[in-house]
Amino acid sequence: MGRKFQKKQKVQQLEIVPLDENPPLPAQRSSDEAVPKKEKWVNKQRVLVFAARGISHRDRHLMRDIKTLMPHHRPESKMERSKTLSVVNEMCEMKHCNKAMLFEGRRKRDLYMWVSNTSGSTGPSAKFLIENIHTMAELKMTGNCLRGSRPLLSFDSKFDELPHLKLLKELFVQTYSVPNHHPKSQPFVDHVFTFTYLDNRIWFRNFQILSEDGGLSEVGPRYVMNPVKIFDGSFTGKTLWENPEYVSPAKQRQILKKAAKDKYVNRVEQKVKHEATRPVQAYEGGENEELFEDDDPIETAKILAAIAKKKKEDSATKTPKAALTKKIKEKQMKAVKEVIEKKKAKAVKRVKKV
């Protein structure tokens, strides 16, 4: 018997259509809100932060902390002290910066800071003496903030009252504030720069924002700016304002040395005066010193009795107090009568002449 071969029917295979992960959106929008456009970096503020030769290690660490807080800064190598400050405007132009922050050291102990608007060398520029420097590494505060985040600027109410502080406020706003959508910045606001005017100085503090209800924690650094002068131009020009109460640190140290010298001179003068006025002989004895010369109580009693008898005789010879007061009153009445008689005599003479 032969096998019968039947043709197998072919099974139709279904096509596998992959699911579209991103289905097309409907042609019409469900709301009338406009699509938000991606904003560009419009405010292109760049700050050139550098120092002149001669600053100390603490000042250099402070400059590094300020660079950390300002992502829109541009670095630059140290400037030679022999160059004039007007060279800074050319350096900013080459670096495409419109603001400058220069740290200048004097005698390796005093730090001065220049803040200037260098766009077109129009100014203004301000010079500050930096005091009470505390860097981030020294403080070791509990606060912490994101690197490159944008800060809020908080100013004291005095910055809206005094004219020179109004100018400094605008200069600080344009220098310290991080531009929106800056490439090196983060889209967060988690710390605050505070500028407080107290004791003719500007106190700078940096706080982290802990909560929405106003909880703060200090981060650092902290320093005090003592304003010296404000100029019309960038590092040049006329003096718009000068601090009348400013005394240079070198002058203060000179005054302290003079005071210490005067203290030494006064001490020497006191020693000479003490030697000149010191008594040569011993102190003379007081009244009734002879009582202590003999230890015999009978002799001491006899001496006391003699002293008491002598005092009694002296008091008897003296006039009593009532008699003295009576004599004084009589003399006063006599003097008053004489004055009255003289006035009457003068009045009679005048009447006769008339």
Side-chain angles (χ1 to χ4, degrees), residues 54-62 81 104-113 127-135 138-139 196-204 221-229 242-329 331-332 335:
I55 64 173
S56 62
H57 66 283
R58 184 191 294 270
D59 305 337
R60 189 168 60 253
H61 287 203
L62 175 66
R81 298 178 66 179
E104 187 180 4
R106 301 280 178 84
R107 300 183 181 182
K108 293 187 178 181
R109 61 173 68 181
D110 306 327
L111 178 66
Y112 290 89
M113 184 179 73
K127 182 181 179 182
F128 303 93
L129 173 66
I130 305 300
E131 302 172 343
N132 299 335
I133 298 172
H134 298 281
T135 59
E138 288 178 347
L139 293 175
T196 308
Y197 187 74
L198 179 66
D199 194 18
N200 297 323
R201 290 167 174 80
I202 300 171
W203 301 66
F204 175 84
R222 56 165 68 166
Y223 56 91
V224 180
M225 294 180 283
N226 187 3
V228 181
K229 284 185 180 181
E242 185 175 359
N243 190 358
E245 299 181 1
Y246 169 73
V247 180
S248 64
K251 188 69 175 177
Q252 291 179 359
R253 289 191 289 267
Q254 185 181 5
I255 293 170
L256 291 175
K257 286 181 180 178
K258 285 185 178 179
K261 183 194 71 173
D262 295 341
K263 186 178 180 181
Y264 171 74
V265 171
N266 292 336
R267 189 166 67 246
V268 172
E269 288 180 354
Q270 288 178 1
K271 286 183 179 180
V272 173
K273 187 178 179 181
H274 175 71
E275 291 293 333
T277 58
R278 188 172 63 178
V280 179
Q281 297 179 356
Y283 182 73
E284 296 180 358
E287 188 179 0
N288 302 331
E289 191 179 8
E290 61 273 7
L291 297 175
F292 304 97
E293 293 179 357
D294 194 1
D295 295 335
D296 190 2
I298 297 173
E299 293 293 333
T300 304
K302 289 180 180 180
I303 293 171
L304 288 173
I307 292 170
K309 187 177 179 181
K310 187 177 179 182
K311 285 184 178 180
K312 189 174 181 181
E313 293 176 354
D314 293 341
S315 62
T317 56
K318 290 181 180 178
T319 55
K321 188 176 180 180
L324 287 173
T325 53
K326 188 176 181 182
K327 287 183 179 179
I328 292 168
K329 286 183 179 180
K331 287 183 179 179
Q332 289 177 352

Value rounded to 0.5 Å, distance of [atom1] in [X] from [atom2] in [Y]:
| X | Y | atom1 | atom2 | value |
| --- | --- | --- | --- | --- |
| H61 | D59 | NE2 | CG | 10.0 Å |
| Q252 | D110 | CD | CG | 9.0 Å |
| N200 | E245 | CG | CD | 4.0 Å |
| I55 | K108 | CD1 | NZ | 11.5 Å |
| L304 | K309 | CG | NZ | 15.0 Å |
| M225 | R201 | CE | CZ | 12.5 Å |

Whether W203 side chain and Y223 backbone form a donor-acceptor pair below 3.5 Å: no

Any idea which heavy atoms bring Y112 and P249 closest together, and the distance?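 Heavy-atom minimum between the residues: OH-CD, 3.5 Å.
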
I need the full list of salt bridge (Lys or Arg N to Asp or Glu O under 4.0 Å) pairs touching residues 262-278, with sequence neighbours left out, sorted by first then second residue. E275-R278

Stepwise, does the salt bridge (Lys or Arg N to Asp or Glu O under 4.0 Å) test hold for R106 with E104? CA-CA 7 Å; R106 301 280 178 84; E104 187 180 4; 3.3 Å; yes

Partners of R58 by salt bridge (Lys or Arg N to Asp or Glu O under 4.0 Å), sequence neighbours excluded?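 Result, salt bridge (Lys or Arg N to Asp or Glu O under 4.0 Å) vs R58: E138.
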
Applying salt bridge (Lys or Arg N to Asp or Glu O under 4.0 Å), can you list everything that pairs with E242, at least two apart in sequence or on another chain? none

Within a radius of less than 6.0 Å around CZ of R253, do more than 12 heavy atoms belonging to other residues, nucleotides or ligands occur? yes

Residue from D199, L129, I130 passing side-chain contact (heavy atoms from CB on, under 4.5 Å) with N226: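 The passing option is L129.
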
Cation-pi between R222 and F204: NZ/CZ under 6.0 Å from ring centre and within 45° of the ring axis? no

Are the side chains of N132 and V224 in contact, using a 4.5 Å heavy-atom criterion?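 Yes - at least one pair of side-chain heavy atoms lies under 4.5 Å apart.
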
